[in-house]
Amino acid sequence: MPVHNADIAAVFGEIADLLEIQGANAFRIRAYRNAARTINDYGRDLAGLINRGEALPKLPGIGADLSAKLEEIARTGHSVFLDRLHKDWPAAITALLQIPGLGPKRVKILYDNLHVRTLEELDAAVRAGRVASLPGFGPRTEANIRQAVAAHWSKARRFRLAFAEPYAQALAAYLEQTPGVRQVVVAGSFRRRQETVGDLDFVVAAASGPAVTKRFTAYDEVSEILSGGTTRASVRLRCGLQVDLRVVAEESYGAALHYFTGSRAHSIAVRRLAQARGLKINEYGVFRGKARIAGATEESVYAAIDLPYIPPELREDRGEIDAARAGTLPLLVERRDLCGDLHSHTAASDGRDSLEDMARAAALQGLRYLAITDHSRHLSVAHGLDPRRLAQQGEAIDAWNAAHPEITLLKGIEVDILEDGSLDLPDAALQPLDLVVGAIHSRFGLSRARQTERILRALDHPYLTLLAHPTGRLIGSREAYDVDMARIIRKARACGCHLELNAQPERLDLTDVHCRMARDEGVAVSIDSDAHAGADFRFLEYGIGQARRGWLERRHVLNTRTLADLRPLLRQAQAAS
Ligand code: DGT
Ligand code: CA
Ligand code: CA
């Protein structure tokens, strides 16, 4: 069975959790946590590499002991060490750590005193009022825990698109090998490239349903079969993702794909158009009376109601149907339109690769220019650059550019926007740079008025070129800071600044809605990887998905410009001030 990097990372993460509950040495715990992150972020499939007998690459922070464990998990899907920890600690206990307010110490106390091992047992214990009297707990804590458990259960779990992607691909490849299968597509929010997905919706065109559903429910990674039948089935994978499957005949494939791609709102609007023409659309086809008049392809479904094909990313009932009728659908930006990337890090701050390795990796991804934008000194945890180190990096960039016509490095900085809206480095340090990327990394909790003023002031700075991850949100873990995006976008236009769509899968910031606002206001968006390692340029694909959901065309995206066309735009801010 295939072992994904995320699976290996999950085992390491669980080991760290259990060690922490056990009260192990903090360094040891951190080593497992860091390894989990490194493995998760690593661009290539480690298990594949190991099983082909290739040498394990050198991964930062992963020494002999952790590499041996990594190889063991990659080969067997298991860790003997974790199994041994589970002898002392039941598997479900790590889930308790997800409850806000419950750290490892408290989990251990709950286990030692009340033998609480699962969320259900925790819920029962707080309901019975047995938690308040434990050392260090009290009635307030008990009430908080009770609320947190309820909140945890009510929050339907969603998965980041980039998390779901490898599972979707592996399962698609597996299903494609079924005899009689003609097409396998993952529909639903996944196909619409939504930033998170609730589940995966597979649509398969095949001669026979049962052969496919049988193979589907027999998939190695299935932990639970939720329902099974001859043309449909639902399973849960070990990683927690639910997968729905529909098998359809080839003549219905387009109609089924359209139906299961959604969104629901788009489908309803399409069906309304069909009704007005005396037609009926369902997942089996387009019908006039009993006669099927279309449905083998999605194009045929749209054509039946006189519409051109509408790309999945637009199918949210946000005006795409009117645009399609008027012939004004956007020609959406594509990955191959990107000529460069304006936000990346090297080992000089918190990146993992050298400047030269980042340049080579970017060139391999087809990029013709790459801005090196390490952090500035205020971000000391990231080893941010002061003016002296920044100037040194400039010399290294000149040396690279002199010898490498294939890709040009731009001199930049991701400079901290301080609480008062000033920038973390003096003008003299910023002036020689090709671009200045401003970002907020502190004081997320300012009031809406102060946070907005802070950013507006930064945009006024004559050297600021680009506002990085404008809302600061981290999907699933940190809310956007409270800002007036409409004002920020208008201000950016007035100052000749640009806005970033940060393509890190947990950021995707700007959101789709903000992208569309920027488009409407005439502010160019830069789709940047914010790469911290050479493998991270693959994130650009997720930025493209989000940009397409925001109706962006090539012309709305800053880094689709050639370097010659880009350079004057990077100086716009100075001219405007
Ligand atoms: P998710 O899974 O929450 O990220 O979002 P979706 O859009 O993938 O929703 P899901 O998985 O519930 O259903 C997949 C698609 O199937 C959905 O986008 C539209 C279609 N669909 C499912 N149930 C209905 C329904 O009751 N009516 C209509 N019109 N479409 C439906
Ligand atoms: Ca879905
Ligand atoms: Ca579904």
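Both counts, for ligands and for their atoms, begin at 1 and track the order of listing.
Shortest distance from the Ca ion (ligand 3) to Asp244 is reached at OD2 (N/O/S atoms only).
The nearest non-hydrogen atom to atom 4 (O) of ligand 1, considering only Ser267, Ser189, Ala187, Gly262, comes from Ser189. Summarising the contacts of atom 29 (N) of ligand 1 with Arg271, Arg158, Glu316, the nearest heavy atom is found in Arg271.
For the pair Arg193 and Phe190, the cation-pi test (distance below 6.0 Å, angle within 45°) is passed.
Residue Asn559 holds its CG atom at 9.0 Å from CG of Leu466, rounded to the nearest 0.5 Å. The distance from the CG atom of Leu474 to the CD atom of Glu479 is 10.5 Å, given to the nearest 0.5 Å.
Less than 6.0 angstrom separates the ring centroid of His469 from the ring centroid of His441.
Annotation: atom 21 (N) of ligand 1 to nearest protein heavy atom, Tyr259 CE2, 3.9 Å. Here the heavy atom of the protein found nearest to atom 22 (C) of ligand 1 is Arg264 NH2, 3.5 Å.
Residue Gly188 approaches ligand 1 through these ligand atoms, each under 4.0 Å from one of its heavy atoms: 8 (O). The distance from ligand 1 to the heavy atoms of Val197 drops below 4.0 Å at these ligand atoms: 4 (O). Less than 4.0 angstrom separates some heavy atom of Thr261 from each of these atoms of ligand 1: 18 (O). Those atoms of ligand 1 with a heavy atom of Asp201 less than 4.0 angstrom away are 8 (O), 11 (O), 14 (C). Of all the atoms in ligand 1, the ones that sit under 4.0 Å from a non-hydrogen atom of Phe260 are 14 (C), 15 (C), 16 (O). Contact atoms of ligand 1 toward Arg192: 7 (O), 18 (O) (distance under 4.0 Å to a heavy atom of the residue).
Of the charged side-chain nitrogens involved, at least one lies within less than 4.0 Å of a carboxylate oxygen, so that Asp17 and Arg33 count as a salt-bridged pair. No salt bridge links Asp41 with Arg37; every basic N to acidic carboxylate O contact stays at or beyond 4.0 Å. By the 4.0 Å N-to-carboxylate-O rule, Asp509 lies too far from Arg473 to be salt-bridged with it.
Between Phe12 and Tyr32, the two ring planes are perpendicular [angle over 60°; tilted spans 30° to 60°]. Taking the six-membered ring where tryptophan is involved, the planes of His343 and His345 are tilted, since the angle between them lies from 30° to 60°. A perpendicular orientation is assigned to the rings of Tyr302 and Tyr309, their planes being inclined by more than 60° (bins at 30° and 60°).
Here's the thing with Gly198: one of its N/O atoms is less than 3.5 angstrom from an N/O atom of ligand 1. In terms of N/O distances under 3.5 Å, ligand 1 is approached by Asp199.
Vertex the Ca ion (ligand 2); arms to Asp199 OD1 and Asp201 OD2; angle rounded to 10 degrees, 100°.
Under 4.0 Å from ligand 1, not a single heavy atom of Phe190 appears.
A heavy-atom separation below 4.0 Å is not found between Asp244 and ligand 1.
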